[in-house]
Amino acid sequence: MTLAATSLRWSRGGNLVVDDVTIDPQPGETIGLLGPNGSGKSSLLRLLAGVDGPDSGAVTLDGTDIRTLGRRALSKRVAMVSQHSHTEVDIRVRDVVRLGRVPHSDVFGRDEGGDAAIGRALAVTGMTGHADRMWRAMSGGERQRAQIARALAQDPQELLLDEPTNHLDIQHQLDILERVVALPVTSYVALHDLNLAAMFCDRVVVLSRGRIVAHGSPVDALTSDMIERVYGVRASVAEDGRTPVIRYHRVREQESAGQG
Ligand SMILES: Nc1ncnc2c1ncn2[C@@H]1O[C@H](COP(=O)(O)OP(=O)(O)OP(=O)(O)O)[C@@H](O)[C@H]1O
């Protein structure tokens with residue numbers, strides 16, 4: 001058992017943003033959250049993190065409703081990296097990563113395993129050499145990796161990542177996802193790139209207007225029919241072993257196919 005969602009509903013401004021979402025991962029799985037802009041991926045991650053509470057349904061951690069767990073107990077298990085923040089602070093990368101240790105520190109700020117956890121988190125994200133640089137001087141991609149290091153320093157068993165490949169060049173996109181899937185954690189990862197989801201996720205959940213419209217292994221869920229239905233885009237899907245490989249058709253190709 002791990003972090004699961006049961007019949008989650010959450011509305012904002014009169015709209016049902018998350019609509020009857022149930023996801024029950026196996027421990028250690030990487031779940032890809034997919035769907036067009038505004039389909040509810042970030043909102044679902046916030047519900048899973050306990051940042052927002054659902055109107056109905058529940059998020060459970062090992063079967064216990066997270067509303068009955070304290071914030072500190074939850075933070076020792078579940079870490080989240082939200083979409084890129086533009087905060088300009090005058091601190092070093094190591095101190096940003098150290099923020100992940102807050103749930104593990106006692107009232108005097110003591111944290112026995114802190115330095116070791118920070119060192120591991122920096123190493124896993126390839127950020128050891130950047131630890132003493134100033135946050136202000138980091139590029140968007142380096143900040144993204146430092147935020148992931150901050151989440152890993154929390155020593156989570158569940159990791160929630162909102163578009164972790166945003167701002168990363170292709171080498172670092174592949175690198176960070178490779179590192180995330182190798183971690184002994186259950187992760188929910190919101191992604192826009194369907195090919196990256198196909199390569200790295202055990203299962204994908206496709207949202208449209210807050211509802212799950214496809215769910216399964218990448219090869220079962222990422223079909224050309226689903227892509228056209230959900231994204232309104234024509235695509236060809238080939239298979240490389242059990243990994244679907246998606247090629248989108250240019251709008252001009254789509255128009256001429258429509259005329260033919
Ligand atoms: N606090 C809020 N108040 C009002 N509307 C909200 C709030 N949070 C989310 N929404 C709306 O809910 C819908 C889903 O937003 P969300 O950010 O979860 O989508 P998303 O799939 O993560 O989008 P994107 O791919 O663009 O990041 C959007 O229409 C958004 O405007």
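As the structure lists them, so they are numbered: ligands from 1, and atoms in each ligand from 1. Please read all numbers here as calculations on a predicted model, not as lab measurements.
Near Glu163, meaning under 4.0 Å from one of its heavy atoms, ligand 1 places the atoms 25 (O), 27 (O). Atom numbering of ligand 1 starts at 1 in the shown order; those under 4.0 Å from a heavy atom of His192 are 25 (O). Atoms of ligand 1 lying under 4.0 Å from any heavy atom of Ser39, numbered from 1 in the order shown and given with element: 19 (O), 20 (P), 21 (O).
Using modelled atom types, no side-chain atom of Arg67 and backbone atom of Val59 make a donor-acceptor pair closer than 3.5 Å. Between the side chain of Asp55 and the backbone N or O of Ser11 there is at least one donor-acceptor pair closer than 3.5 Å.
For Pro36, every heavy-atom contact with ligand 1 shorter than 4.0 Å involves the backbone, none the side chain. Residue contacts with ligand 1 for Arg46 involve side-chain atoms from C-beta outward but no N, CA, C or O (heavy atoms, distance under 4.0 Å). With a 4.0 Å cut-off on non-hydrogen atoms, Val17 touches ligand 1 through its side chain and not its backbone.
Counting only heavy atoms, the protein gets under 4.0 Å from atom 24 (P) of ligand 1.
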Original post:
After noting the C-alpha distance and the side-chain angles of Leu48 and Val78, does the key distance pass the side chain to side chain contact (heavy atoms under 4.5 Å, CB included) rule?
Top reply: CA-CA 9 Å; Leu48 287 165; Val78 180; over 6 Å; no

**OP:** Could you give me the CA-CA distance, side-chain angles and deciding distance for Phe200 and Val180, then say whether side chain to side chain contact (heavy atoms under 4.5 Å, CB included) is met?
**Re:** CA-CA 9 Å; Phe200 290 102; Val180 165; over 6 Å; no

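Taking 4.5 Å as the limit, every side-chain heavy atom of Val21 sits out of range of all side-chain heavy atoms of Trp10. Looking at Asp162 and Val81, their side chains never come closer than 4.5 Å, going by heavy atoms from C-beta outward. By the 4.5 Å heavy-atom criterion applied to side chains, Glu178 and Leu174 are not counted as neighbours.
If you check which protein heavy atom lies closest to atom 19 (O) of ligand 1, you get Gly40 N, 3.2 Å. Among all non-hydrogen protein atoms, the one lying nearest atom 7 (C) of ligand 1 is Arg12 CG, 3.9 Å. Nearest to atom 17 (O) of ligand 1 among the protein's heavy atoms is Ser42 CB, 3.7 Å. Scanning the protein for heavy atoms near atom 26 (O) of ligand 1, the closest one is Asn37 ND2, 3.0 Å. Nearest to atom 15 (O) of ligand 1 among the protein's heavy atoms is Ser43 OG, 3.8 Å.
Summarising the contacts of atom 27 (O) of ligand 1 with Arg209, Lys41, Gln83, the nearest heavy atom is found in Gln83. Between atom 29 (O) of ligand 1 and the options Gly38, Gly35, Ser11, the minimum heavy-atom separation is to Gly38.
For the residue pair Asp240 / Thr243, no side-chain donor-acceptor distance below 3.5 Å is found, with atom types taken as modelled. Between the side chains of Asp169 and His172, a donor-acceptor pair is found at a separation under 3.5 Å. Looking at Thr2 and Glu158, their side chains do bring a donor and an acceptor atom within 3.5 Å of each other.
Ligand 1 lies nowhere less than 4.0 angstrom from a heavy atom belonging to Gly13.
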